Amino acid sequence: MPFELSPSRHIFALVDANNFYASCERVFDPSLRGKPVVVLSNNDGCAIARSNEAKALGIKMGQPFFEWKSMVKTHGIRVLSANFSLYGDISHRIMEILRNFTPDLEVYSIDEAFLGLEAFRIDDYWRFGQDIRQAVLKHTGVPVSVGIARTKTLAKLANHIAKKRPGQDGVCSLLAMDEAERLMKELPIEKVWGIGGHKAQWLKERGILSVLDLRNADDRLIKKNLSVVTLRTVYELRGIACLDLAAAEPAKKTIATTRTFAEDVRSRFDLEEAVSVYVARAAEKLRSQSSLAGCIQVFIATSPFRLHYYSNSATGRLIPATDYTPDLMSCARSLLDQIFRDGLAYKRGGVILSDFVPAAATQEELFESREKFDRQHRLMGVVDHLNATVAHGTVRFAREGASQLGSTKQTRRSGQVTSSWEELPAVR
DNA sequence: TCTGGGGTCCTAGGACCC
DNA sequence: TCTGGGGTCCTAGGACCC
């Protein structure tokens, strides 16, 4: 058997912010409250967060801006470029508040976390959920919803109910199984964590329509056709925990920096500049988790929405594994040579690092020059420190260029109110 | 005209080996 | 008509997530 079959004795709470990016914007600009708010992706391309008012207008997640631009004036929609440093900062504060409720905390994404509660004696879970909501709202201004249940998948479902069902007041517990069954009967399967469009379609064609149907589905049918991942989901719906709380953040196995360019890039030189910027950024992330990369991949592509789409990538091995930006840039440049074709209008590009080893591990190949390695390591340490403490981009490599080629367009961004002294809000 | 970015896990199928 | 068998390792691509 792949996992234990006994009912879970865990208790999970999933805390998830409501319309997180839109709510963050409202914290520092009260004039956004009560109005439809939409936050845009890089290059102001498409909607990545919507307030409830904007959702009610029919603007979809991921929908391109130009498709609903005409509604902005008529409905008074407030449109903003993404301000990720602000969201990251507020996210961090929320997680610290949640840590006061339990040390068993898994930060699952920028706007949600699982809490392990089985170690506590809690008489009224609904009340407990309300306490969490009020603490986060009071200290950050961001509204959150809380779902409580015996498995992570059920806690996710509970959170969905907490958000959508009137009268829940933002909290829902599925600890009482008969109540859980009643609600499952009403919910369609695509609301389940792990059931995407493809699997939902397949299941519906076989008459499995509600969450309750899925919970009662035949194990063999699920495993044979939809893999063990979905079988695990079905077990979780039955209250059998297959997913544990991951309190420690695991090191990443791949690190990517990819962008859609603000404008077409045509020349080999300009493309190299853009790729170098992405290498520098990816290498910085690599060093922040103390890894060395053994593999680097570079890709470039023209617009997939135009004729004659071209997309290609090249992969190189790094021997020995490294986190040294200049070496990564040299390798990226020769990879770019392999895939660059003249005469095309490039619209996207990126760098992906993988095959990591811990930076602390003894590098057998390094006996040639331990000293050189140490020198490089110190240099990168200084660069990272300056960019982290003074301002990002304080120190750059010549190959990154001085122009803004390959960078993104953000014409509607709110201020750096929490991360820049100059823009700190004044209270009167 | 205008269409995001960064991850994880699993599976199928090819290469290779004995 | 008939074309070994079984194992491992690796990679590309699919599906899903936020």
Side-chain angles (χ1 to χ4, degrees), chain A residues 2 14 16-21 38-50 59-70 72 79 81-84 87-88 91 106-114 152-153 156 159-160 189-203 222-233 242-243 246 249-264 278 281-282 285-286 289 295 297 299 301-306 309 311-313 315 317 345 347-356 406-411:
Chain A
L14 176 69
D16 189 325
N18 303 350
N19 317 321
F20 183 54
Y21 297 168
V38 181
V39 177
L40 299 174
S41 64
N42 263 331
N43 289 320
D44 298 343
C46 38
I48 53 170
R50 305 149 296 150
I59 297 167
K60 302 279 178 244
M61 178 68 178
Q63 194 179 3
F65 186 24
F66 71 86
E67 286 183 14
W68 47 272
K69 208 167 191 167
S70 61
V72 171
V79 184
S81 304
N83 187 347
F84 291 112
Y87 312 148
S91 169
E106 176 186 343
V107 178
Y108 178 69
S109 76
I110 192 163
D111 78 325
E112 58 188 300
F114 287 102
K152 282 178 155 184
T153 304
K156 273 280 209 184
N159 192 284
H160 172 81
I189 45 174
E190 56 265 34
K191 302 299 177 198
V192 174
W193 189 37
I195 305 297
H198 219 262
K199 284 175 181 171
Q201 182 61 34
W202 190 91
L203 290 162
I222 298 295
K223 187 174 178 201
K224 183 161 179 280
N225 297 282
L226 300 177
S227 91
V228 295
V229 184
T230 314
L231 183 59
R232 226 175 274 157
T233 299
C242 305
L243 304 169
E249 195 184 338
K252 288 183 176 39
K253 295 174 177 177
T254 62
I255 288 174
T257 300
T258 71
R259 291 287 180 277
T260 298
F261 308 142
E263 279 157 29
D264 289 351
Y278 308 152
R281 182 73 194 106
K285 294 188 222 170
L286 181 70
Q289 70 163 32
C295 188
Q297 183 180 5
F299 83 87
T302 61
S303 171
F305 304 102
R306 301 236 189 131
Y309 176 56
S311 168
N312 207 349
S313 72
T315 305
R317 298 223 70 84
K347 193 66 186 167
R348 257 160 45 79
V351 172
I352 302 163
L353 305 176
S354 56
D355 279 18
F356 299 154
S407 67
T408 55
K409 219 170 14 192
Q410 290 198 306
T411 57

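Sequence lines set the chain letters: A, B, ... in the order given, protein chains first and strands last, and positions in each chain run from 1. Just so it is clear, the model here is predicted, and its values are computed rather than measured.
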Q.
Under 4.0 Å, heavy atoms only, any strand: does A:R281 hit a base, just the sugar-phosphate, or nothing?
A. nothing
Q) Who pairs with A:N159 by side chain to side chain donor-acceptor pair (under 3.5 Å), at least two apart in sequence or on another chain? A) A:K163
Q) Reading nucleotides 9-18 of chain C 5' to 3', which nucleotides get B (base under 4.0 Å from a protein heavy atom), which S (sugar-phosphate only), which -? A) ------SSSS
Q. Under the side chain to side chain donor-acceptor pair (under 3.5 Å) test, which residues partner A:S81, sequence neighbours left out?
A. A:D44
Q: Applying salt bridge (Lys or Arg N to Asp or Glu O under 4.0 Å), name anything that partners A:E67, two or more places apart in sequence or on another chain.
A: none
Please tabulate the protein-to-nucleotide N/O contacts below 3.5 Å involving nucleotides 4-7 of chain B, giving atom names and distances.
from	atom 1	to	atom 2	distance (Å)
B:dG4	O4'	A:S41	OG	2.8
B:dG5	OP1	A:T260	N	2.6
B:dG5	OP2	A:T260	N	3.1
B:dG5	OP2	A:T260	OG1	2.7
B:dG5	O3'	A:R259	NH1	3.3
B:dG6	OP1	A:R259	NH1	2.9
B:dG6	OP2	A:T258	N	2.5
B:dG6	OP2	A:T258	O	2.9
B:dG6	OP2	A:T258	OG1	2.6
B:dG7	OP2	A:A256	N	2.6

Q) Starting at CZ of A:F66 and ending at C1' of B:dT3, how long is that distance when rounded to a whole Å? A) 6 Å
Q: Rounded off to whole Å, could you give me the CZ-to-C1' distance for the A:R306 and B:dC2 pair?
A: 10 Å
Q. Please, what dot-bracket string fits DNA chain B when only Watson-Crick and G-U pairs with both distances under 3.5 Å count, crossing ones use [ ] and pairs to another strand use |?
A. ....||||||||||||||
Q. Looking at residues at least two apart in the chain, or sitting in another chain, which of them share a side chain to side chain contact (heavy atoms under 4.5 Å, CB included) with A:V79?
A. A:L40, A:F65, A:W68, A:V72, A:I77, A:R412
Q. Can you name the residues that form a side chain to side chain contact (heavy atoms under 4.5 Å, CB included) with A:Q297, not counting sequence neighbours?
A. A:S313, A:T315, A:I352
Q: Kindly indicate whether the side chain of A:R50, heavy atoms from C-beta on, has any atom under 4.5 Å from the side chain of A:M61.
A: yes
Q: With sequence neighbours left out, write down each residue that passes side chain to side chain donor-acceptor pair (under 3.5 Å) with A:K285, or none if nothing qualifies.
A: A:T257
Could you give the side-chain donor-acceptor pairs of residues 195-203 of chain A under 3.5 Å, partners two or more places apart or in another chain?
from	atom 1	to	atom 2	distance (Å)
A:K199	NZ	A:T230	OG1	3.1
A:Q201	NE2	A:E205	OE2	3.0

Q.
Pick the closest DNA chain B nucleotide for A:K347 and for A:K224 by heavy atoms, then say which residue is nearer the 5' end.
A. A:K347
Q | All side chain to side chain contact (heavy atoms under 4.5 Å, CB included) counterparts of A:T233, not counting sequence neighbours | A | A:T153, A:V192
Q | Those residues that, when tested against A:N225, pass side chain to side chain donor-acceptor pair (under 3.5 Å) (two or more places apart) | A | none
